[in-house]
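Report on the structure given below.
Since we're looking at a predicted model, the values are computed, not measured.
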Amino acid sequence: MQGTSWKLKLACVWGGELVSVLTSSILQMGFVWHITLATNSASMLSLASLAGFLPLALFGTFAGTIVDRLPLRATLVGADLFIAAVSAVVAAVSLTGALPVWVVMVALFMRAIGSAFHTPNRWLRGLRESGVCCDARRGRKKNAA
């Protein structure tokens, strides 16, 4: 994308993130819905929702500072691969014909940990890749003094 406008770069990055976040959210909701149908229990539904969001609350505050100190691209790819690996394990387990609730709960928790490191990174990378901001940590524009 050398020589293309920053708007096109930003649109490509944000378009990819739209697909990534949308499909990830659909999968998370599918996990929660599976637990609801399998257990028919409101408390299990609450526990599944907690497993999916608690790591974001716990690790989200620290993840931003960790991500800020690591290479953005490697951290983003690593977090995405971790989330994909957890999803692949769930898919492999489901091929046995049954998907135990505990597997889905663990998957929700682990995917949320990956998301805690993916979320702050994708916004920083989007700014850098688009050329809008060369140093996203400090918020300076390319030609700023």
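Leu37 CG to Leu45 CG: the interatomic distance, rounded to the nearest 0.5 Å, is 10.0 Å. Here Leu18 contributes atom CG and Thr23 contributes atom OG1; the two are 9.0 Å apart, rounded to the nearest 0.5 Å. How far CD1 of Ile35 is from OG of Ser46: 11.0 Å, rounded to the nearest 0.5 Å. Atom CD1 of Ile113 is separated from atom CZ of Phe109 by 4.5 Å, given to the nearest 0.5 angstrom. Taking CZ from Phe53 and CG from Leu108, the interatomic distance works out to 9.0 Å, rounded to the nearest 0.5 Å.
Cluster membership check: Leu70 shares its hydrophobic cluster with Phe59, using side-chain heavy-atom separations under 4.5 Å among Ile, Leu, Val, Met, Phe, Trp and Tyr. Note on Val104 and Leu95: separate hydrophobic clusters, where clusters join Ile, Leu, Val, Met, Phe, Trp and Tyr whose side-chain heavy atoms are under 4.5 Å apart, directly or indirectly. Met29 and Leu22 end up in different hydrophobic clusters when Ile, Leu, Val, Met, Phe, Trp and Tyr side chains are linked at under 4.5 Å.
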Test log, rule side-chain contact (heavy atoms from CB on, under 4.5 Å), inputs Met105 and Phe31
CA-CA 8 Å; Met105 291 284 198; Phe31 281 160; over 6 Å; no
CA sep, side-chain torsions, deciding dist, call: Trp33, Gln28, side-chain contact (heavy atoms from CB on, under 4.5 Å)
CA-CA 9 Å; Trp33 190 251; Gln28 180 160 338; over 6 Å; no
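Between Val93 and Pro100, the closest side-chain pair of non-hydrogen atoms falls below 4.5 Å.
Listed here is the closest heavy atom pair of His34 and Leu99: NE2-O, 3.1 Å. In terms of heavy atoms, Ala112 sits closest to Leu56 at O-CD2, 3.6 Å. Between Ala116 and Pro55, the shortest heavy-atom contact is CB-O, 4.2 Å.
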Show me, pair by pair, the donor-acceptor contacts under 3.5 angstrom made by side chains of residues 85-92, not counting sequence neighbours?
from	atom 1	to	atom 2	distance (Å)
Ser87	OG	Ile83	O	3.0
Ser87	OG	Arg111	NH1	2.6

